[in-house]
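The model shown is predicted, which means the values in this text are computed figures rather than measured ones.
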Amino acid sequence: MDQPNVNHLLEGLNPEQRRAVECGDGPVLVLAGAGSGKTRVLIQRIAYLIATGRASADEIMAVTFTNKAAGEMKERLERLGHTHLHHGWIGTFHSLGARILRREAVHLGLESTFNIYDQDDSLNCVKLILDELDIPGERMPPRLAAHYISQAKNAFVDPQQFKTMVENDKMQMAAEVYPRYVQMLRANNAVDFDDLLLLPVVLFRNHPNILEYYQEKFRYILVDEYQDTNRTQYHLLQLLAQKHRNLFVVGDDDQSIYRWRGADLRNILDFGRDYPDCQVFRLEQNYRSTQNILDAAHSVIVKNQGRHEKRLWTQKEAGEKVHIIEAASEREEAEVIVQKINEEFLSNKRTLRDFVILYRTNAQSRAIEDALRRHGIAYIIVGGIRFYERKEIKDVLAYLKVVANPLDSISLRRIINYPLRGIGEATVRKIQNYALQHRITLLEAMKHTDEIENLSPRLRHTIKAFYQFIAKYISLKDKISVTELANSMVEETGILQNFKAEGTPDALTRMENIRELLNAISEYARNVENPSLEGFLEQVSLITDIDTWDDRSNAVSLMTLHSAKGLEFPVVFISGLEEGLFPLSRNMDSQDELEEERRLFYVGATRAREKLYLTYARTRSRFGEFQRNGMPSRFLNELDPAVVELFQTRPAYYSRSRPSSGSAHRHRAPRPEPEPQAMPDYENFSQEQVLFRKGMRIRHSHFGAGRVEAIEGHGENMKIVVAFGDGRIRKIMVKYATIEIL
């Protein structure tokens with residue numbers, strides 16, 4: 001490309017952005033503060049490498065963390081004229097890992113048709129293994145075992161290493177499960193989400209020739225959100241960049257908020273140590289927020305010790321001060337938030353999509369939702385039950401997974417008796433035992449029902465018919481389109497007819513959801529060059545909360561602070577700023593955890609473009625009982641008093657307080673202090689425990705839809721009395737039930 005066109009690529013970049021885009025080869029660290037245009041720098045860097053002839057499109061790997069971000073990157077590159085990048089190596093760590101594994105599966109003892117297990121699938125594996133080991137769920141909760149295994153994989157710790165790291169009885173039991181879990185995945189020709197990162201590293205370490213191929217292929221590697229990488233991703237990038245050393249990473253240590261799922265802050269803090277010759281660029285000019293918002297966020301984050309020094313500034317006006325709102329209770333807090341939304345809506349002619357309400361725990365949404373409903377304000381919850389996590393959708397996907405990968409016994413177990421065929425768990429165990437004895441798959445064992453002892457003639461016929469049904473669609477998979485296969489299979493199962501015959505609103509909704517799934521398959525087939533069943537299932541498995549969020553709908557958004565990463569809104573509310581809730585009490589004794597909570601506050605504050613409201617309540621209910629909170633959050637105390645204003649709510653109004661030179665929460669008039677109480681245990685809030693109320697409609701995983709008639713007890717002993725559609729009234733222990741709120 002000639003020089004004028006190259007210069008055109010650089011137009012509109014500020015001096016530091018331009019220096020980063022134009023820099024020479026070798027390792028590069030771009031410290032990009034919130035709203036500083038990091039995505040633009042990353043995209044312009046890719047375009048610049050191609051325009052100057054330093055790399056062709058297929059010699060570049062660009063990695064980010066969400067499908068939404070990867071899609072935006074591709075679209076913006078296409079607008080710059082690089083339409084040939086559409087099928088290049090631009091995507092999330094997990095999608096690119098899956099792509100490598102599909103190509104190299106044979107070297108890892110996998111077939112290229114492997115399934116990607118979601119959390120539920122992995123959990124079902126763990127449950128089966130715990131049963132085999134005769135370890136009851138009370139001694140080792142399956143979710144905890146799965147968590148230990150996931151954390152180990154993210155830290156690149158194999159089963160043998162994990163055994164040497166055991167610190168308690170729970171870890172000891174997890175260490176017994178881990179190797180068996182790996183074996184079960186391989187036996188099912190399946191990988192879990194963590195394997196999409198772990199197995200490429202294993203592949204490259206065990207097969208130097210394959211590593212050399214990819215090292216030569218990717219002359220330039222660019223990574224977005226580098227502060228969120230875990231140790232396995234760190235090793236993957238080091239291996240790939242070893243030959244050419246053109247590793248260009250963009251990130252902000254002040255926005256590293258995923259320690260709980262394995263993100264390792266050392267990766268970005270120690271980049272200069274790992275690559276002593278690296279170039280470092282600091283993007284500190286902010287294009288999103290007002291200066292008062294930036295100063296407020298900085299006054300908190302600067303208290304962290306583990307960070308690179310940087311300070312955001314903007315050419316925008318100072319803007320309004322940050323508003324701190326003290327409320328008497330969580331209900332009043334929610335009412336004031338709604339009142340402020342109404343005021344903004346009327347006085348500044350905003351739309352509902354201009355607002356987001358952020359909270360530390362999902363349980364906090366209940367009071368806010370109630371207030372929004374009372375006032376007739378439309379809202380969307382990001383991170384609730386996603387479309388592809390609904391039971392009816394997972395049931396249909398399980399059928400498709402078995403057709404795509406007949407070795408998948410976990411999906412097969414899910415559908416073997418759905419719709420009801422009379423094949424109970426005892427029968428499944430007999431089939432499974434036969435499969436183990438003859439070293440064949442669960443599906444293959446169904447062919448031999450005549451040889452399995454203690455089965456009635458009816459059961460033998462039913463099992464064989466089910467096998468023939470699955471076998472038919474396995475044989476059709478490569479002969480008909482994925483759209484035709486899915487539609488035909490769903491129709492033949494009778495699932496839609498059953499929902500139609502049931503005729504309840506709940507059943508009809510489920511039927512429409514399945515039809516929407518079929519529409520999604522059809523849409524996928526129209527928009528992909530070589531559509532396949534495996535390709536659709538992989539696409540579904542990599543969808544995240546943010547990918548399914550419709551940011552164009554005119555509604556207030558509700559989400560956790562973790563979900564808000566990468567987003568921005570004109571008006572942001574951060575609710576529940578109380579000690580023990582934000583920061584969470586379990587994270588207050590560890591310096592590292594407390595600094596992560598502070599980074600989480602920083603991320604929430606810097607989502608705001610124009611206005612930032614921080615709210616807290618003097619009392620908050622827990623398990624239906626009101627508790628007075630100890631203190632407002634320490635983060636409020638750390639705010640620069642010059643950029644904040646405090647409001648106090650009253651029964652029918654709130655009054656503005658004059659700022660003082662003291663800390664933010666001391667702007668309140670003195671009042672008698674109550675006797676100190678134990679810190680509320682907010683991290684153990686469960687949404688179920690606080691959301692149930694009389695009259696609410698719920699759906700039980702086994703009994704179906706019903707209405708809550710009464711609530712007994714609280715916490716782990718909570719029971720709900722439910723009247724179900726079949727006319728029966730049942731008392732259910734919430735702790736052990738799978739319940740969806742309708």
Which pairs count as ring pair (Phe, Tyr, Trp, His ring centres under 6.0 Å) when at least one residue sits in residues 486-540, sequence neighbours excluded?
Tyr524-Phe536
Locate the shortest heavy-atom distance separating Ile452 from Ala445; write the atom from each residue and the value.
CD1-O, 3.9 Å
Under a 3.5 Å distance rule, please check whether Arg421 uses its side chain to pair with a backbone N or O of Ile463 as donor and acceptor.
no
In short, side chain to side chain donor-acceptor pair (under 3.5 Å) pairs touching residues 475-487 with sequence neighbours left out are Lys477-Glu534
Using 30° and 60° as the class boundaries, would you call the ring planes of Tyr178 and Phe162 parallel, tilted or perpendicular?
perpendicular
Euclidean distance, Met140 CE relative to Ile135 CD1, rounded to 0.5 Å:
8.0 Å
Heavy-atom side-chain contact between Phe204 and His235 under 4.5 Å:
no
For the pair Lys127 and Asp131, find out whether any cationic side-chain nitrogen is under 4.0 Å from an anionic carboxylate oxygen.
no
Rounding to 0.5 Å, atoms CD1 (Ile732) and CD1 (Ile729) come to a distance of 11.5 Å
Applying ring pair (Phe, Tyr, Trp, His ring centres under 6.0 Å) to His562 and not counting sequence neighbours gives Tyr258, Trp260
Regarding Asn405 and Thr113, is there a side-chain donor-to-acceptor distance under 3.5 Å anywhere?
no
Distance-only, no hydrogens or angles: does the Tyr473 side chain make a donor-acceptor pair with backbone N or O of Val402 under 3.5 Å?
no
Less than 4.5 Å apart, any side-chain heavy atom of Arg458 and any of His461?
no
Suppose we screen for side chain to side chain donor-acceptor pair (under 3.5 Å). Which residues come up paired with Arg180, at least two apart in sequence or across chains?
none
Identify each donor-acceptor pair in which a side-chain atom of residues 101-111 lies under 3.5 Å from a protein atom, sequence neighbours left out, and give them as a table.
residue, atom, partner, partner atom, Å
Arg102, NE, Glu538, OE1, 2.8
Arg102, NH1, Ser112, O, 2.7
Arg102, NH1, Phe114, O, 2.7
Arg102, NH2, Phe114, O, 3.3
Arg102, NH2, Glu538, OE1, 3.1
Arg103, NH2, Tyr213, OH, 3.1
Glu104, OE2, Tyr214, OH, 2.8

Rounded to the nearest 0.5 Å, the CG atom of Leu436 sits from the CG atom of Leu442 at a distance of 9.0 Å
Okay, side chain of Thr232, backbone of Lys153: is any donor-acceptor separation there less than 3.5 Å?
yes
Selection residues 429-446 - residue pairs positive for side chain to side chain donor-acceptor pair (under 3.5 Å), sequence neighbours left out:
Arg413-Gln432, Tyr434-Glu451, Thr441-Glu444
Are the side chain of Gln233 and the backbone N or O of Asn230 linked by a donor-acceptor pair below 3.5 Å?
yes
Strictly distance-based, threshold 3.5 Å: is any side-chain N or O of Arg460 a donor or acceptor partner for the main-chain N or O of Leu455?
yes
Quick one: CG on Leu508 to CE on Met511, what's the gap to the nearest 0.5 Å?
5.0 Å
Is there any ring pair (Phe, Tyr, Trp, His ring centres under 6.0 Å) pair reaching into residues 123-149, and which pairs are they, with sequence neighbours excluded?
none
Which residue, Ile415, Ile521, Ile514, Thr493, forms the side chain to side chain contact (heavy atoms under 4.5 Å, CB included) with Val396?
Ile514
Hey, could you give me each pair passing side chain to side chain donor-acceptor pair (under 3.5 Å) that has a residue in residues 155-172? Not counting sequence neighbours.
none
Please tabulate, for side-chain N and O atoms in residues 116-124, each donor-acceptor pair with protein atoms closer than 3.5 Å (sequence neighbours left out).
residue, atom, partner, partner atom, Å
Tyr117, OH, Asp408, OD1, 2.4
Asp118, OD1, Asp120, N, 3.1
Asp118, OD1, Asp121, N, 2.9
Asp118, OD2, Lys394, NZ, 2.4
Asp121, OD2, Asp118, N, 3.3
Asp121, OD2, Lys401, NZ, 2.9
Ser122, OG, Asp118, O, 3.3
Ser122, OG, Tyr181, OH, 3.0
Asn124, ND2, Asp120, O, 3.3

What is the distance from atom CE of Met489 to atom CD1 of Ile495, rounded to the nearest 0.5 Å?
9.0 Å
Can you name the ring pair (Phe, Tyr, Trp, His ring centres under 6.0 Å) partners of Tyr418, sequence neighbours left out?
none
Side chain Asp192, main chain Asp195, donor-acceptor under 3.5 Å
yes
Listed partners of Arg707 passing salt bridge (charged side-chain N to carboxylate O under 4.0 Å, His left out), at least two apart
Glu709
Looking only at atom types and distance, does a side-chain atom of Asn417 sit under 3.5 Å from a main-chain N or O of Gly424, one as donor and one as acceptor?
no
Salt-bridged, Glu502 to Arg510, with N to O below 4.0 Å?
no
Closest approach of Val482 to Ala525 (non-hydrogen atoms, all atoms of both residues):
CG1-CB, 4.0 Å
Residue list, side chain to side chain donor-acceptor pair (under 3.5 Å) with Ser150, at least two apart or on another chain:
Asp194
